Amino acid sequence: MAVASEHVVDVRDLSAGYNGHAALEHVSFTIEPGCLAGLVGPNGSGKSTLLKVMLGLHKPWSGEVLIFGHSERPTHGHVGYTPQTELVDWTFPVTVMDVVLMGRYGKLGLVRRPGRRDRELATAALERVRLADRARRQIGELSGGEQRRALIARALAQEADLLLLDEPLAGLDATAQHDLLRLLEELRTEGKTLFVATHDLSCVAADFDHAVLLNCRVVAFGRPADVFTEENLSDAFQRHLFVLPEGTTIVGS
Amino acid sequence: MIDFFSDPWSFEFMQRALVASVIVSVVAAVVGSFVILKGMAFIGDALPHASFGGVAIAFALGGSLYLGGAIAALTTAMLIGFISRRGLLKYDTAIGILFVAAFALGLAVISREDNYTGDLFAFVFGNVLAVTWDDIYLTAAIGGAILIFIALFYKELLFTSYDPAMSAAAGLPVAAFQYGLLALVALTTVIAIQTIGVILVVALLITPAATAQLLVRSLPAIMLLGATIGAASSLIGLYVAWHADLSASASIVLTATALFVVAFAIAPGRGAVWGAAAVRRRRRGAS
């Protein structure tokens with residue numbers, strides 16, 4: 001039975017996988033309200049599976065996920081989600097506004113069409129991510145950074161308090177990455193809780209409040225400075241990452 | 001000249017043919033808009049073939065050919081959905097196994113019948129000139145129901161087609177709408193087979209919607225223009241069939257194909273002619 005929790009996310013002893021292969025083993029961690037948290041791990045470490053279980057899209061083998069203290073899934077309003085951009089069909093004939101309005105569909109229920117309030121919320125969300133001038137464009141016309149922001153606007157239109165973002169930083173150039181990180185920080189300041197799957201360790205180390213280091217199990221979670229120790233990183237990434245002690249000169253000048 | 005245009009319509013069987021093929025091509029284009037967006041062209045080919053199995057069994061039993069076709073197409077659609085959702089086989093593999101089985105079953109059944117040629121061949125190649133008013137009422141009723149379903153659940157069909165994961169997270173019954181879309185294709189198939197025939201149904205689902213997709217950008221516009229192109233293909237196709245003494249279904253499909261080729265050539269910003277002109281402009285600019 002679920003026990004009331006003051007955490008936004010409270011994952012307890014979660015195991016999950018596909019066709020008998022474990023992707024997550026005994027995963028436990030918590031995330032506090034108003035926090036920008038990173039979910040870090042090598043490819044195939046179970047990041048996407050964890051997000052799917054949190055969204056109620058994949059049934060875990062054991063354990064539970066409490067979100068705002070509740071274990072019921074799907075979560076309807078509370079949890080926003082931005083998928084990996086390569087999993088989105090950008091050729092689909094819908095406008096940016098259409099996609100953002102989809103954030104309202106869960107609350108609308110069957111048959112009912114979006115009304116004026118839904119359009120207002122969608123417009124406000126587009127303004128919030130600085131895409132208002134792109135509202136009527138076909139989604140395929142957006143740049144990489146704009147695509148990420150459109151998906152975030154959809155989560156904002158949903159009035160979600162927790163946003164799960166799957167690899168939003170991947171494939172962006174430095175400027176777009178910087179802009180997106182500023183946006184994520186602003187949203188945190190406004191009281192949103194953000195949980196960002198990424199393999200960009202340096203971004204998490206520099207800008208995030210909290211990190212979950214995952215490799216099928218949780219290697220460590222807490223403040224990035226405490227999580228990203230040499231021992232934890234080589235444990236999580238094994239041979240995929242060669243950790244240099246601080247101050248090592250890589251290219252002599 | 002006036003005779004040339006009015007001649008065909010002085011015969012009632014041509015009027016019936018026109019009404020039936022316009023209804024069918026409009027419904028097929030609207031359903032087909034989802035089919036092309038979801039990359040389901042193969043299923044649009046498979047379900048008509050599968051429905052032939054049901055038509056043959058109904059023929060042997062002396063039952064309603066429409067009902068037999070509908071049951072076979074719907075059953076095949078649901079089985080395809082079921083097998084591919086289990087994740088053991090890929091979608092197109094499931095389609096390939098099931099539809100040929102249903103079609104072969106149809107062949108096996110009719111091979112035992114003595115005088116199957118006329119009626120059943122009409123279903124394989126279409127026989128729009130033999131459509132009765134009763135056929136048209138049934139076609140209009142099923143077609144109307146399909147369009148009403150799409151109008152009511154447009155938002156859900158759009159969302160679950162575009163982003164199934166997010167739809168499920170938002171609490172929508174994604175599986176129900178995916179099966180629902182398969183059922184719409186199956187029912188469209190059933191009303192289309194008498195008009196156009198099992199083998200050519202896929203052309204009415206795919207070609208007008210694909211032509212529209214080259215010319216306009218929003219989904220409602222693709223549906224509307226696709227329906228118009230489908231209706232125009234039926235009208236022009238029947239004219240050509242009348243004057244050139246061709247198979248009506250073949251003529252309708254080839255007209256739709258011709259319209260597609262024109263759109264492909266002239267599509268603004270994307271078409272072949274446009275592309276060639278841009279290359280020429282660039283060359284001229286470079287030299």
Side-chain angles (χ1 to χ4, degrees), chain A residues 18-19 48 51-59 67 72-84 87-95 97-115 118 136-141 151 154-155 157-158 160 162 164 166, chain B residues 29-30 32-40 85-89 148-178 180 209-226 267-270:
Chain A
Y18 302 92
N19 302 327
S48 289
L51 293 186
K52 278 186 192 154
V53 172
M54 291 175 73
L55 283 161
L57 299 178
H58 187 73
K59 213 171 145 52
I67 288 174
E72 303 90 73
R73 218 75 77 239
T75 50
H76 300 271
H78 290 311
V79 186
Y81 169 60
T82 71
Q84 292 183 28
L87 299 181
V88 175
D89 181 0
W90 295 102
T91 66
F92 210 86
V94 283
T95 63
M97 180 53 119
D98 291 333
V99 170
V100 176
L101 269 174
M102 286 176 193
R104 304 298 308 157
Y105 284 10
K107 289 212 170 84
L108 279 172
L110 294 178
V111 181
R112 244 174 76 204
R113 294 294 170 89
D118 302 305
R136 296 180 65 82
R137 294 293 185 84
Q138 201 266 332
I139 46 165
E141 296 172 39
L151 294 174
R154 184 173 70 175
Q158 189 188 335
L162 169 66
L164 308 181
D166 200 353
Chain B
V30 173
S33 302
F34 285 106
V35 172
I36 59 168
L37 291 176
K38 290 289 287 171
M40 287 164 53
R85 282 185 68 87
R86 291 291 297 263
L88 297 176
L89 289 174
I148 289 169
F149 182 89
I150 291 175
L152 279 178
F153 294 107
Y154 174 77
K155 170 178 112 255
E156 287 78 11
L157 289 167
L158 174 70
F159 196 17
T160 53
S161 298
Y162 174 64
D163 194 340
M166 189 64 218
S167 309
L172 265 82
V174 176
F177 282 104
Q178 287 173 344
T211 308
Q213 198 194 12
L214 291 172
L215 300 171
V216 292
R217 284 175 178 232
S218 80
L219 182 54
I222 290 173
M223 289 174 162
L224 206 65
L225 184 61
R270 297 180 268 185

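Predicted, not measured: the structure shown is a model, and the values here were computed from it. Residue numbers start from 1 in every chain, and the chains themselves are labelled A, B, ... in the order their sequence lines are given, proteins ahead of strands.
Between B:A165 and A:L57, the closest heavy-atom pair is O-CD2, 3.3 Å. Minimum heavy-atom separation, A:L55 to B:A169: CD2-CB, 3.9 Å.
Between A:F92 and B:D163 the shortest side-chain heavy-atom distance does not fall below 4.5 Å.
Residue-environment remark: CZ (A:R113) exceeds the threshold of 12 foreign heavy atoms within 6.0 Å.
A salt bridge is absent between A:R112 and B:E156; no separation between the charged side-chain nitrogens and carboxylate oxygens falls under 4.0 Å.
Expressed to the nearest 0.5 Å, how far NZ of B:K155 lies from CG of A:L101 amounts to 11.0 Å. Atom CG of A:L110 is separated from atom CG of B:L152 by 10.5 Å, given to the nearest 0.5 angstrom. Remark: B:S218 OG to A:D98 CG distance equals 8.0 Å, nearest 0.5 Å. Between atom CE of residue A:M102 and atom OG of residue B:S167 there is a gap of 7.5 Å, rounded to the nearest 0.5 Å.
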Would you sort out whether B:R217 and A:R137 count as a side-chain contact (heavy atoms from CB on, under 4.5 Å), showing the intermediate values? CA-CA 10 Å; B:R217 284 175 178 232; A:R137 294 293 185 84; over 6 Å; no
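For B:L37, the parts lying near chain A are the backbone and the side chain together; criterion is any non-hydrogen pair under 4.5 Å. Contacts between B:F177 and chain A at a heavy-atom distance below 4.5 Å involve the side chain alone, from C-beta outward. With a 4.5 Å cut-off on non-hydrogen atoms, A:I139 touches chain B through its side chain but not through its backbone. Only the side chain of B:F153 comes within less than 4.5 Å of a heavy atom in chain A; its backbone stays farther off.
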